[in-house]
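All remarks here apply to the structure that follows.
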Amino acid sequence: MNEKIPEVPVVQETRERDQHLLPELVTHLRQNRTELRKQWAARITSAHLLSAMTDEEIFSMATGVYDNYVEVLETGSMEALQAYATDLSERIIPRGVETYEVLGIVLLLRDVLARSLFDKYRKDFDLLNEVLDAYEPAANRIANTVAVSFVRERERIIRQQQEAIRELSTPVLQVRERILILPIIGVLDEQRAQQLTEQLLAGIRTSRAKVVVIDVTGVPDLDASVANHLVQTVDASRLMGASVIVTGLSPTIAQTLVTIGVDLGKMNTVGDLQGGVEEAERLLGFKVINAEPDERRS
């Protein structure tokens, strides 16, 4: 019968080793803080990273990251580093800093600190191995935390910018009392079409509009699904109590609407935006009075 070999508590031994060595590492890194920061900032500059920032800004950033880096090694808590990385990302992403640059500077810091530890412990090879075994997992967690925080913040900012661009690209304009204009420019996909509908219906409710002019002069083409969505937008606007005038239909878009079975005879269409506004005013009973030019005084 085979005897069961007792398991070696490797994990426990590793934790005890790290708890013994990490405080010593933290002390070393704090004692050499000034010189190591300078080395790191110089490596960043020579690697042509963070080129959108000045040398003073790079050194200030290096100070903050270094101090948070050492704090994580000391406490093992990533919360403060995550908060700092998010705040830093908010400040440097608008400057044009890319993800590869952030990863690059964090890996450079890991390298600078590892070289410093090698210089300190190189006379004792066994101890050096233990020190690096304690340092590298913590350093990798730190690098991963900073990278993930940056990527998340970058994605958030990109989503925010895309939302702002979509809002600017589909403005709902009130030109007269109870009349709204929705000029659509550019490619209209399903996501943008959905947002367009939401903005328009909200505008109808807010302004208590009775007539809406949807101008598609600037739309090059519509596929069948988006064309259907446009028709649904017209129907939804009517349910909200607003008549809809569609202007600027190109032959291609008109053909698409016919193909999907839309009866254009039941859709109020006008050739251009100016004609659409005039038709809207007529529906509401507005009269346009052309002012006579002032006679020249002799």
Side-chain angles (χ1 to χ4, degrees), residues 93-94 96 154-290:
I93 289 174
R154 185 178 183 84
E155 290 176 347
R156 185 191 69 80
I157 290 176
I158 290 174
R159 287 194 301 270
Q160 190 178 60
Q161 291 173 338
Q162 289 175 336
E163 181 69 19
I165 291 172
R166 282 195 295 268
E167 289 180 1
L168 289 173
S169 63
T170 53
V172 179
L173 308 174
Q174 183 170 359
V175 292
R176 292 198 63 168
E177 183 181 359
R178 305 295 178 89
I179 298 178
L180 296 180
I181 295 179
L182 180 60
I184 307 173
I185 300 173
V187 177
L188 192 62
D189 56 20
E190 289 192 36
Q191 182 179 2
R192 188 180 172 204
Q194 178 64 37
Q195 184 188 35
L196 177 151
T197 301
E198 294 172 358
Q199 286 181 285
L200 179 58
L201 296 182
I204 291 172
R205 182 173 184 177
T206 301
S207 63
R208 301 174 65 190
K210 290 299 182 182
V211 183
V212 175
V213 180
I214 300 178
D215 182 61
V216 295
T217 304
V219 180
D221 195 7
L222 293 179
D223 61 26
S225 62
V226 176
N228 266 314
H229 196 99
L230 179 62
V231 174
Q232 292 170 8
T233 300
V234 172
D235 292 339
S237 299
R238 288 172 178 162
L239 289 175
M240 295 285 290
S243 300
V244 179
I245 301 169
V246 180
T247 66
L249 282 176
S250 67
T252 302
I253 295 177
Q255 183 62 43
T256 300
L257 293 174
V258 171
T259 300
I260 64 175
V262 176
D263 184 356
L264 295 181
K266 296 181 180 179
M267 181 179 287
N268 193 352
T269 61
V270 178
D272 57 26
L273 180 57
Q274 181 178 345
V277 173
E278 292 173 355
E279 175 66 9
E281 292 175 336
R282 187 190 66 77
L283 290 175
L284 291 179
F286 290 119
K287 294 182 179 180
V288 179
I289 301 176
N290 295 323

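- Considering every non-hydrogen atom in both Gly276 and Val270, the closest pair reads N-CG1, 3.6 Å.
- The closest side-chain heavy-atom distance from Ile214 to Leu200 is below 4.5 Å.
- A heavy-atom distance below 4.5 Å is found between the side chains of Ile181 and Val277.
- Annotation for Ala209 and Ala242: closest pair O-CB, 3.7 Å, computed over non-hydrogen atoms.
- Closest non-hydrogen pair, Thr256 versus Ala227, comes out as CG2-CB, 3.8 Å.
- Atom CD of Gln174 is separated from atom CZ of Arg208 by 11.5 Å, given to the nearest 0.5 angstrom.
- Sorted by first and then second residue, the salt bridge (charged side-chain N to carboxylate O under 4.0 Å, His left out) pairs involving residues 252-262 (not counting sequence neighbours) form an empty list.
- Two residues are said to be in side-chain contact when any heavy atoms from C-beta on lie closer than 4.5 Å; Leu196 and Arg192 fail this criterion.
- Looking only at side-chain heavy atoms (C-beta outward), Leu201 and Ser237 come within less than 4.5 Å of each other.
- Considering all non-hydrogen atoms of both residues, Ile245 and Glu279 come closest at CD1-CG, 3.5 Å.
- Within the model, atoms CG of Asp215 and CD1 of Ile184 stand 8.0 Å from one another, a figure rounded to the nearest 0.5 Å.
- Taking every heavy atom of both residues into account, Ile253 and Asp221 meet most closely at CG1-CA, 4.3 Å.
- For Gln194, the side chain to side chain contact (heavy atoms under 4.5 Å, CB included) criterion is met by Glu198, His229, not counting sequence neighbours.
- Minimum interatomic distance between Lys210 and Leu284 (heavy atoms only, all atoms of both residues): CB-CD2, 3.7 Å.
- Taking the side chain as every heavy atom from C-beta outward, Thr217 and Asp272 never approach each other to under 4.5 Å.
- At least one side-chain heavy atom of Leu249 sits under 4.5 Å from a side-chain heavy atom of Val216.
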Could you walk me through whether Gln191 and Gln195 pass the side-chain contact (heavy atoms from CB on, under 4.5 Å) check? CA-CA 6 Å; Gln191 182 179 2; Gln195 184 188 35; 6.0 Å; no
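- You'll find the side chain of Leu180 reaches within 4.5 Å of the side chain of Ser207, heavy atoms only.
- Rounding to the nearest 0.5 Å gives a distance of 10.0 Å between CD of Glu190 and CG of Asn228.
- A search for side chain to side chain contact (heavy atoms under 4.5 Å, CB included) contacts involving Arg156 returns Glu90, Glu153, Arg159, Gln160, not counting sequence neighbours.
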